[in-house]
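Each chain gets a letter, A, B and so on, in the order its sequence line appears, and its residues count up from 1.
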Amino acid sequence: MLFIRLCEWESSCPLFMHRWSKLFIPTLREAPADAEVASHKFLLRAGYIRQLGAGIYNYLFLGQRSLNKIIAIVREEMDTIAQEFYLPGILPKEPWVESGRWSAIGENMFRLKDRKGADLCLGFTHEEIMTSMARNELRSYKQLPQIWYQIQTKFRDEPRPKSGLLRVRQFIMKDSYSFDLDAAGLDKSFDRHDAVYRRIFTRCGLNFVSVEADSGAMGGSQSQEFMVYTDAGEDLIASCPQCGYAANLEKATSRLDPVKEMEPSGDGMPELVSTPGCAAIADVAAFFSISPASDIKCVAYMALKRGEHGKPHAWRGVAVFLRGDHQVNETKLLGVIGAAELRTMQAEELSHYFNGPAGYLGPVGLRPDTQTLGDGLTVIVDQSLEGRRNMVCGANQLDYHLRNVTPGRDFGWTLSADIRSVNEGEKCPKPACNGQLLVGKAVEVGHIFKLGYKYSESMGARVLDPNGKEVTPIMGSYGIGIERILTAAVEQGNDANGFWLPVSIAPFTVVVTVTNMADPSLRNTGETVASELAAAGLDVLLDDRQERAGVKFKDADLIGIPYRINVGKKAGDGQVELVTRATSTSEDVALADLLATMKERVEEQSLLEASA
RNA sequence: CGGGGAGUGGCUCAGCCUGGUAGAGCACCUGGUUCGGGACCAGGGGGUCGGAGGUUCAAAUCCUCUCUCCCCGACCA
C-alpha cells in the first residue's frame with residue numbers, strides 16, 4: 001500500500017500524472033478589482049499567482065511550474081555559451097562604494113543593516129559582485145574570455161510597481177556578464193548573447209523584436225533590447241515596416257521633411273510683437289497663422305550634475321529649445337548633458353535665468369554657458385533647429401514674442417544635439433529607406449549591452465596581456481526577465497475566457513477533462529487516456545474533479561493549457577475531442593489515434609516555435 | 001514625490017450622504033436532485049466594517065491622524 005501511494009506522487013514513476021482533484025489550483029470566477037492588464041487578471045484568476053504586497057507576489061503551483069519551464073529553457077541555452085554561478089541576494093556595501101553606485105543608485109536599492117550596524121543591500125543587479133570575482137581571480141589573458149551567468153532573484157524598490165508581474169520589486173532574472181581582453185572579444189560575447197537570446201525567446205514561443213536601446217547614463221557603446229509588442233507594455237518602440245529598423249523611443253531617430261520657411265518681415269531682423277494671452281504653442285501658432293513647426297518651444301530644466309563617483313553635485317539651469325510640434329525626450333537629454341536627474345524650473349529660477357515668465361521664454365538674449373552644466377545657463381537646441389530661418393519664439397517678456405528669428409544668427413547655444421522624441425509617421429532614419437515610422441507599446445523581456453570598462457576600471461580588475469602588460473578587461477552585461485516571459489506570453493495569447501501558453505512553457509501540455517466522473521466508464525477511459533499520454537512523456541493534467549462539465553471547461557479555458565481532451569459522450573464509440581485552446585477548435589479523434597495525434601500536434605508547435 | 005481612487009466574510013460589491021452595533025451574489029460545509037459550457041432545492045459555518053484616537057446615550061456611517069493597495073504622472077543601472 002505504502003509503495004503504491006508513494007508511486008502516485010513520485011515523478012520518476014512512468015505512469016505519473018497530476019490529478020486536478022488533488023491539486024491546489026484556486027481559480028477565480030472574477031478578477032480582483034486591483035487587476036487591470038490582461039496578464040495580471042488572468043494569472044490571478046488562473047491561480048498562478050497571489051499578491052502579497054505592492055510588486056510582491058507568491059507564485060503558486062501552476063505559476064511556478066511555468067516559470068520552471070522557462071528557466072529550464074534559459075539554462076539550457078545559456079549553458080551553450082556561459083557558466084552558471086549563483087551569487088548571494090544579500091550583499092555588502094563595499095563593492096557598491098567602489099563602483100560609485102552605493103550613492104548613485106539612490107532609493108531604488110533596498111538597504112539594511114546587520115546586527116553590527118554594517119550596511120548591506122539586497123541584490124539589485126550583480127555587475128559589482130561579478131567584477132569583484134573577476135578582479136580577485138582573473139590574472140591572465142589566457143583565462144579570457146569568460147562569460148558567467150546566474151538565474152537569481154533581484155530586488156528593486158520601484159517607485160511604482162504595477163501591472164501584476166510586469167513591474168515588481170522582487171523578480172527572477174537571468175543575468176550574465178562577459179569579460180574580454182579587447183573590444184573585438186566583447187563584440188563576440190555580445191553577438192553570442194544576441195544569438196542565444198533569439199533562441200530562448202523563440203523556444204518560449206514569443207513573438208519578439210530586437211531594438212536599438214539607450215545605454216543609459218552608465219555608459220556603454222551598444223545596447224539592444226528584446227521586446228514583445230503589447231499594449232500593457234511600458235516602452236514605446238519606433239519601427240519601420242519597410243526596412244525593419246526598430247528602436248526604443250529613448251533612442252530612435254527619424255528624418256524630418258523640410259519645413260517651408262516663412263518670409264521675413266520688415267528688415268528681416270528679430271521684431272518684437274505684442275501677443276497678449278498667447279502662452280501656449282497653439283495660441284502662438286494661431287496668432288501668427290504659422291505651423292507650430294515654425295515656432296521655437298522652450299523647456300526649462302534644472303539638471304543635477306554628477307560629481308566624483310557619480311555622486312550628486314549641484315543643480316544647474318538647462319534651457320532646451322526645439323520645434324513647437326516636437327517633444328523633449330528626457331532620456332536623450334540626460335545622456336547629452338550627462339546629468340543624473342532633471343526637474344522643471346520653478347518660477348524664481350525662470351526669472352533668474354531668463355528674466356522672463358513661463359509661456360514667453362525664448363533663446364534670444366540669453367548668454368549660453370560655453371560649458372555643459374557650467375555655472376551659467378546651459379542652452380541645448382535640438383539639431384532640427386539648425387539651418388532654420390525666420391521663426392517665432394518667446395521674447396522673455398510677458399505677452400510678447402519675437403519673429404524673424406534665425407538660429408545661429410540671432411542666438412547661440414552650448415550644444416546642439418538630438419534631444420526630441422520621434423513621432424509616428426516621420427521618415428525612417430535609414431538613408432536608403434522611404435518608410436514611415438510606426439510607434440507601438442512593448443514590454444522588455446531581455447536586454448544586452450556592452451558595458452565597456454566602467455566596472456572593471458573603477459573596481460580595478462586587471463589581467464596581463466601576451467606582452468606581460470597589465471590591461472583592463474572589457475565587459476558586457478546581459479539580462480532576461482523570467483517572469484516577463486510568462487507575462488508577455490499571456491499578453492500575447494488571451495481572449496475573454498482566459499489565455500493559452502506555448503507548449504514549451506505551459507504548466508501542462510494537455511488537460512484530460514472527464515465530463516462526468518459519476519460515469520465509471522468515462523472515468524476509466526479518462527484514466528487510461530491520461531496515463532498513456534503521461535507514459536509517452538507528455539505533461540498531463542487529469543481533471544478528475546467531481547464537477548459538472550461546464551465548470552471544468554471554463555477552468556480549462558482559463559488556465560493556459562494549450563490542449564484539452566474531452567472524454568465524454570462519444571467515448572462509448574471510441575472517440576474523444578481534442579480542443580486546441582489558441583484557436584478554440586475541436587476535432588474528434590479515435591482513442592487508438594490519440595497518442596499519435598497529440599505527439600504530432602506538440603511537434604508541430606515546437607517546429608513553429610523553432611522557426612518563429 | 002504630485003494628482004486621483006479604494007480598503008466591509010475567500011472574491012465581487014451594497015450599506016455610509018440622512019449614526020441605532022452588518023447584508024447580497026459567488027465561493028465554502030451537510031443532505032438531496034442533477035450532470036457537455038461556471039446547476040437547483042433545503043439547511044449551515046464564517047466578517048465588528050484597514051488601524052489608532054475623538055465626538056455621541058449609541059459609530060461601518062461624523063471628525064482627526066495613520067497604514068495599505070490600485071490608477072495617472074514623476075521615476076525606472
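For the pairing with A/Phe226, the side-chain contact (heavy atoms from CB on, under 4.5 Å) check across A/Asp194, A/Ile485, A/Ile480 returns one residue only, A/Asp194.
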Output side-chain donor-acceptor pairs under 3.5 Å for residues 57-64 of chain A, partner residues at least two apart or in another chain, one line each.
{"unit_1": "A/Tyr57", "atom_1": "OH", "unit_2": "A/His40", "atom_2": "NE2", "d": "3.2"}
{"unit_1": "A/Tyr59", "atom_1": "OH", "unit_2": "A/Glu483", "atom_2": "OE2", "d": "2.5"}

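Residue A/Arg548 has a polar side-chain atom (N or O) positioned under 4.0 Å from OP1 or OP2 of B/A39. The side chain of A/Gln51 contributes an N or O atom lying less than 4.0 Å from OP1 or OP2 of B/C70. Residue A/Arg29 places no side-chain N or O under 4.0 Å from the OP1 or OP2 atom of B/U12.
Checked by atom type, the side-chain pair A/Ser421/A/Gln327 shows no donor-acceptor distance below 3.5 Å. Using modelled atom types and a 3.5 Å distance limit, the side chains of A/Ser586 and A/Glu577 yield no donor-acceptor pair. Checked by atom type, the side-chain pair A/Trp96/A/Glu94 shows no donor-acceptor distance below 3.5 Å. The closest side-chain donor-acceptor pair between A/Asp544 and A/Ser21 falls under 3.5 angstrom. Counting only N and O atoms by type, the side chains of A/Glu84 and A/Tyr149 include a donor and acceptor under 3.5 Å apart.
Within the 4.0 angstrom heavy-atom criterion, no nucleotide atom of any strand lies near A/Glu234. Using a 4.0 Å heavy-atom criterion, one finds that A/Met173 contacts the bases of the nucleic acid, with or without backbone contacts as well. Base contact: A/Asp557 has a heavy atom under 4.0 Å from a base atom. Looking at heavy-atom distances under 4.0 Å, A/Asp555 makes contact with a base.
The CZ-P distance, from A/Arg50 to B/G10, rounds to 13 Å in whole Å.
A 3.5 Å limit on both hydrogen-bonding distances identifies no Watson-Crick or G-U partner for B/C76.
The base of B/C76 is not paired with the side chain of A/Arg156 by any donor and acceptor separated by under 3.5 Å. A donor-acceptor contact under 3.5 Å links the side chain of A/Arg564 to the base of B/G37. For B/G36, the base has a donor-acceptor partner in the side chain of A/Glu577 [N/O atoms by modelled type, under 3.5 angstrom].
Heavy-atom distances under 4.0 Å link RNA chain B to no residue of residues 84-94 of chain A.
Of the candidate nucleotides B/A77, B/C69, B/G36, B/A77 has the atom nearest to the side chain of A/Phe449.
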